[in-house]
Amino acid sequence: MVPTRTLGDGLTVSAVGFGAMVIAPGIYGETSDSESLATLRRALDLGVTFIDTADVYGMGHSERLVGEAVAGRRDEVTIATKFGAGGREGLGRPEYVHQAIDRSLKNLNTDHVDLYYLHRVDPSTPIEVTVGAMAELVQEGKVRHIGLSEAAPDTIARGHEVHPLAAVQTEYSMFSRDPEAAIMPMLRDLGIGFVAYSPLGRGLLGGAIHAETDLPEGDWRRSVPRFQGDNLERNSGTVQALGELAASRGLSVAQLALAWLLHQGPNVVPIPGTRKASNLELNAAAADVELDAGTLARLDELLQPANVAGERGDAGYLARVNI
Ligand code: ATR
C-alpha cells in the first residue's frame, strides 16, 4: 500500500494522490469514461486514495466520475474538490460558496468533501470573506478541511488567520519551481500541507512529448509556451537527460519526478493525473522510492533554470495565479 502523509493539522492522505483533471473530456485530448473509472478503482485498490477534482473539470464531469468510482467505498477515500475557477469576480462571495458546495456534493454523490479549495482567488472579494464562508461549511459538516489554490503568500497568511488551512495547492514540479522561494518555507512554518499539482509538468515529464505534433489537435497544452517550438525542443532535451538518470536507477522519468517532489519536504504531496491504469501503477510505486544524495545532486545540475524553457501558461493564465 502507498504510504501516507499528513496535511495541516491532521488530514492524513496517500503520499501520492490522483489529479482528476485529465479524466474530463477534451482538456488533454480524448478520454474514455470506462477506462477512467477502471483507473480510479485501481488507484483505490493500490492505496492511492487522495483524489483531487474540481467543479470546473468538464463542468462537473470529473466530479461525477469520481463519485461513481468511490460509490460503496467512500470511507476509504479522501476527496478534494474546488470552486471558483478562473479568478472571476464574485466567485469568492459567500452566497456563491454555499451554492457551489451543494452542486459539488451532488456531483460527487456524497454528503461531505474532505478538503475544499478556493480554486483561484477572487480579486473582488477579500480573502477573509471567502475563507469565512468556507469555515461555515466546516461548521455545517459539508466540508472537513479547507485550502487555497495558487494564492500569494500574503493571501495565504490572511486566510489561515480566519480558519486553519490544511493545504495550499500550487503547480510544482521539476519544471515549475517558483513555490520554493516564498510559499514552501512559509507553509512549513505555518504547518500547512503543500499539494503539488501538475507534478509531471502536465505530461512533459512523462517522456513522450517531443514536438507540438505529439499533442492532439485542440489539446489545451498547445497554448502553453513551454510546449511550443524551441522551448519544447529544449525541454524535451532536458527530459531525455532526466530519463537517462532515471533509467540508471531502474525508474521511469515520471517516477523520478514524483520521488524528487516527495524529497522536497514531509508536507509535500504530488497529485499526478492519468487516464491509464498502467501509469497509475508506476506513479503509486514512486511513493516508495528513496533517492540518494548523489542522485539529488545530479538532479540539481540537470534542473538549472536554463534547461527549462517557457512559461507554464499564457498571459491570461499567469494573470490569475499568485493573487
Ligand atoms: P495535470 O495535473 O495537469 O494532470 P500532470 O500530472 O503533471 O498534470 O501530468 C498529467 C499527464 O501525464 C497526463 O497527460 C498523463 O497521460 P495519460 O493520461 O495518458 O496517462 C501523463 N502521465 C501520468 N502518469 C504518467 C507516467 N507514469 N508516465 C508517463 N506519463 C504519465
Side-chain angles (χ1 to χ4, degrees), residues 2 14 16-40 42-43 46 48 50-54 56-58 61-62 65-66 80-82 85 117 119 149-150 169-177 179 194-210 212 214-216 218-224 226-227 232 235-236 239-240 242-243 246-247 250-262 268-289 308 312-313 317 321:
V2 170
S14 55
V16 169
F18 182 94
M21 186 181 80
V22 290
I23 61 171
I27 302 175
Y28 290 178
E30 301 269 306
T31 56
S32 145
D33 287 351
S34 57
E35 187 180 13
S36 299
L37 281 171
T39 302
L40 278 165
R42 185 78 185 122
L46 292 176
V48 175
F50 182 33
I51 311 292
D52 184 284
T53 181
V56 74
Y57 299 159
H61 193 90
S62 170
L65 282 178
V66 171
T81 193
K82 321 182 195 74
Y117 290 100
H119 207 152
S149 177
E150 291 286 6
Q169 172 168 153
T170 292
E171 181 167 353
Y172 183 43
S173 71
M174 288 176 162
F175 274 22
S176 280
R177 299 181 64 179
F194 182 85
V195 173
Y197 84 76
S198 298
L200 302 176
R202 300 189 180 276
L204 208 42
L205 289 156
I209 303 171
H210 309 289
E212 280 176 69
D214 291 329
L215 299 172
D219 187 308
W220 176 80
R221 291 171 291 187
R222 283 180 175 240
S223 74
V224 175
R226 63 180 49 167
F227 285 93
L232 182 53
N235 295 332
S236 149
V239 174
Q240 196 162 333
L242 290 167
L251 302 170
S252 74
V253 62
Q255 288 181 309
L256 181 65
L258 295 174
W260 176 83
L261 283 169
L262 289 166
V268 177
V269 175
I271 49 167
T274 178
R275 291 156 291 192
K276 300 190 188 92
S278 54
N279 281 342
L280 184 281
E281 287 165 8
L282 290 168
N283 298 346
D288 292 315
V289 172
V308 176
R312 64 187 173 112
Y317 187 90
V321 299

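Here, residue 1 is the first one in the sequence, and each next residue gets the next number. All values derive from a computational prediction rather than experimental measurement. Order of appearance sets the numbers: ligands from 1, and atoms from 1 within every ligand.
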Contact check, side chains of V289 and L256, non-hydrogen atoms, under 4.5 Å: no
Identity and separation of the nearest protein heavy atom to atom 24 (N) of ligand 1: N283 ND2, 3.1 Å
Option nearest atom 1 (P) of ligand 1 (shortest heavy-atom distance, choices S278, S198, A286, G201): S198
Protein contact to atom 9 (O) of ligand 1 [nearest heavy atom, distance to 0.1 Å]: G203 N, 3.2 Å
R42 side chain vs E281 backbone, donor-acceptor pair below 3.5 Å: no
Test log, rule side chain to side chain donor-acceptor pair (under 3.5 Å), inputs S173 and R312: CA-CA 11 Å; S173 71; R312 64 187 173 112; over 6 Å; no
Per-residue contact class, L200 against ligand 1 - non-hydrogen pairs under 4.0 Å: both
Test item: R202 and F175 side chains (from C-beta on) under 4.5 Å apart, heavy atoms: no
N/O separation below 3.5 Å, Y197 to ligand 1: no
Nearest-neighbour protein heavy atom for atom 28 (N) of ligand 1, which is reported as residue plus atom name and distance: N279 OD1, 3.4 Å
Non-hydrogen atom of G19 closer than 4.0 Å to ligand 1: no
Which segment of A254 sits under 4.0 Å of ligand 1 when only heavy atoms are counted: side chain
Proximal atoms of ligand 1 relative to M21 (non-hydrogen, under 4.0 Å): 3 (O)
Identity and distance of the protein heavy atom lying nearest atom 30 (N) of ligand 1: G206 CA, 3.6 Å
Part of L280 with heavy atoms under 4.0 Å of ligand 1, whether side chain, backbone, both or neither: neither
Heavy-atom side-chain proximity of L280 to L40 below 4.5 angstrom: no
4.0 Å heavy-atom contact, P199 with ligand 1: yes
V224 vs Y317 side-chain heavy atoms within contact, under 4.5 Å: no
pair R275-E30: side-chain heavy atoms closer than 4.5 Å: no
Residue-ligand contact E30/ligand 1, heavy atom below 4.0 Å: no
Of the listed options K276, R202, R275, closest to atom 8 (O) of ligand 1 (non-hydrogen atoms): R202
Atom 4 (O) of ligand 1: nearest protein contact (heavy atom, Å): V22 CG1, 3.4 Å
Ligand-side contact atoms (ligand 1) for residue partner R221, heavy atom cut-off under 4.0 Å: 14 (O)
Atoms of ligand 1, numbered as shown, that sit under 4.0 Å from any heavy atom of Y28: 1 (P), 3 (O), 4 (O), 8 (O), 14 (O)
Nearest non-hydrogen protein atom, atom 20 (O) of ligand 1: T274 OG1, 2.5 Å
Nearest-neighbour protein heavy atom for atom 15 (C) of ligand 1, which is reported as residue plus atom name and distance: G273 O, 3.4 Å
E212 atom CD, over 12 foreign heavy atoms within 6.0 Å: yes
Side chain proximity check, K82 to D52, heavy atoms < 4.5 angstrom: yes
Side-chain (N235) to main-chain (L204) donor-acceptor, under 3.5 angstrom: no
Note, N283 side chain near F18 side chain (heavy atom, < 4.5 Å): no
Atom pair OH (Y57) and CG (L65), whose distance is rounded to the nearest 0.5 Å: 14.0 Å
